[in-house]
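In what follows, a structure is listed as structure tokens, so that the remarks can point back to it.
Naming convention: chains lettered A, B, ... in sequence-line order (proteins, then strands); numbering from 1 in each chain.
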Amino acid sequence: MNSHFPQTIREAKDFQKKIANKVILEDMLSEITTIGAFDISYKQDKAFAAGIIIDNATEEVLEEEVIVSEIQFPYIPTFLFLREVPSFISLLSKISIKPDLVLIDGHGIAHPKNAGSATVFGVLANIPSIGVAKKPLKFFEYKSSEVKYLKQVFLNEKFVGYKYQPNTNWNPVFISPGNLVSVESSFTFIQNLFKSRFKLPAPLHKAHNLATQFRIEHLT
DNA sequence: GCGACAG
DNA sequence: ATCTTGTCGC
């Protein structure tokens, strides 16, 4: 972690602004061989973070890491990154494989300051990232696309991501670039990772399960 | 006091 | 996110 991660909301606002200015919404990856996914489960004052690396072709799990830490910030809407990103950075450093793309449970640029968790992480780690969230932020506006189950998400007149509902049995998910990925690719790169049996892309689903399992075992 | 927005 | 029983449905 670098030396000036924000410690107050005031600092966080300024930090998000700087992060947003560093985002690159262009595809900088030639081929997606490995995909990483990170998620966190909470219990009282502890955060149980899990990271997983998956082979994009075989879906094989190549590496797993977990890390427990003290919660440093309460959950405040639009400032989720304060709670989660430090753990993600730590996980990435513990993992030996550098993934081509990282999936984060939360928003990327689909955020009032264009700096959600996936974006802050992607910029700090300088790695391609995509945010996938289960709920929208209230500021979103939507425009239908040519595909029924896909709507474009707009924020301040800007196209920032997608609302995706492939299956009417599941609630929609909200996809947006974190960093080093175009808005269009934030969807196309991960479309094949949505399995009918899971609500989230398979790697994120696994990371979520790993974090939950880690939390439960830690309590024992 | 009002209003409410990822995890 | 977590706290939580039974119940509906594939």
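Between the CG atom of Leu204(A) and the P atom of dA1(C) there is a distance of 12 Å, given to the nearest Å.
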Q: Between protein and nucleotides 4-10 of chain C, map the contacts as a letter string: B base, S sugar-phosphate only, - none, heavy atoms under 4.0 Å, written 5' to 3'.
A: -------
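Contact annotation: Arg215(A) side-chain N/O to dT2(C) OP1/OP2 distance is under 4.0 Å.
Cation-pi geometry between Lys163(A) and Tyr142(A) is met: under 6.0 angstrom from the ring centre, within 45 degrees of the axis. Remark: Arg10(A) fails to qualify as a cation-pi partner of Phe15(A) under the 6.0 Å distance and 45° angle criteria applied to the six-membered ring.
Thr212(A) places a side-chain N or O within donor-acceptor distance of the main-chain N or O of His208(A), the cut-off being under 3.5 Å. For the pair Gln16(A) (side chain) and Thr78(A) (backbone), a donor-acceptor distance under 3.5 Å is present. At least one donor-acceptor pair closer than 3.5 Å links the side chain of Asp55(A) to the backbone N or O of Ala57(A). The main-chain N or O of Ser96(A) is found under 3.5 Å from a side-chain atom of Glu63(A) such that the two form a donor-acceptor pair. Of the possible donor and acceptor atoms, one in the side chain of Asn179(A) sits under 3.5 Å from a partner among the backbone N and O of Gly122(A).
Applying the side chain to side chain contact (heavy atoms under 4.5 Å, CB included) rule to Lys134(A) yields the partners Asp105(A), Lys199(A), Leu200(A); only residues at least two apart in sequence or on another chain are considered. Under the ring pair (Phe, Tyr, Trp, His ring centres under 6.0 Å) criterion, Phe174(A) pairs with no residue, sequence neighbours left out.
A 6.0 Å sphere centred on NZ of Lys206(A) holds more than 12 heavy atoms belonging to other residues, nucleotides or ligands. By the neighbour-count criterion of 12 heavy atoms within 6.0 Å, atom NZ of Lys17(A) is sparsely surrounded, having that number or fewer from other residues, nucleotides or ligands.
Contact check for Leu210(A) versus Glu64(A): side-chain heavy atoms found under the 4.5 Å cut-off. The shortest side-chain heavy-atom distance between Ile67(A) and Phe48(A) does not fall under the 4.5 Å cut-off.
With a heavy-atom cut-off of 4.0 Å to chain A, the contacted part of DNA chain B has its first and last nucleotide at dA4(B) to dG7(B).
Within residues 38-47 of chain A, the residues approaching DNA chain C are Ser41(A), Tyr42(A), Lys43(A), by heavy-atom distance under 4.0 Å. DNA chain C lies under 4.0 Å from no heavy atom of any residue of residues 105-116 of chain A.
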